[in-house]
Every structure is written in C-alpha cells, then in structure tokens.
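For reference, the structure discussed in these notes is given below.
What you see is a predicted model; the values in this text were computed from it and never measured.
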Amino acid sequence: MVVDMIIFGVAYVLLVYFLMTMIRPAHGSRKNRSDDGDGGIEVTDPPKIDLPPGVIWPSDGPKTKEPAPPLEV
C-alpha cells in the first residue's frame, strides 16, 4: 500500500510538471512585455461623438456668463 502511494505520488508530480511545461507560452524569451498584441496604430484621444441638434458638451459651452441686469421691484 505504501509503495503504491509513493508510485502514484511520483506519477502525479511528473504529470503536473509535464502539463506545466506544455502550457508555457512558446515566445517566453521576448524582451518587450508591454505589447498587448492587438497591432495597429495607438490612438490616445477619445472619439468625437455626434450629438443631436441643440445638445452641446459642457466643455464646448460658453466660458463666461454675462451678468444679468439688475431687477427692479
């Protein structure tokens, strides 16, 4: 019984070792790890969204407000 447990333990360790070496990435020696692999040109500015007529972004609005005329009661 003890011999069987030792043999199965060694077989388990070898099986895990072989599985881990098989699933390791093939291109492990590359130096540049910051590449996400999607390719193309990197665009950092956000897309311009087309808004319906009469709707503006808050950043495109008037920069200063004109003071309202004084109210007479």
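- Taken together through direct or relayed side-chain contacts under 4.5 Å among Ile, Leu, Val, Met, Phe, Trp and Tyr, Met5 and Val13 form parts of separate hydrophobic clusters.
- Under a hydrophobic-cluster definition in which Ile, Leu, Val, Met, Phe, Trp and Tyr are linked whenever side-chain heavy atoms come within less than 4.5 Å, directly or via other members, Ile23 and Leu14 are assigned to different clusters.
- Hydrophobic clustering of Ile, Leu, Val, Met, Phe, Trp and Tyr side chains at less than 4.5 Å, counting indirect connections, keeps Tyr12 apart from Val3.
- If you take CG on Leu19 and OG1 on Thr21, they are separated by 7.5 Å, rounding to the nearest 0.5 Å.
- Following chains of ILVMFWY side-chain contacts shorter than 4.5 Å, one can reach Ile49 starting from Val55, so the two form part of one hydrophobic cluster.
- Remark: Asp45 CG is packed, more than 12 non-hydrogen atoms of other residues, nucleotides or ligands lying under 6.0 Å away.
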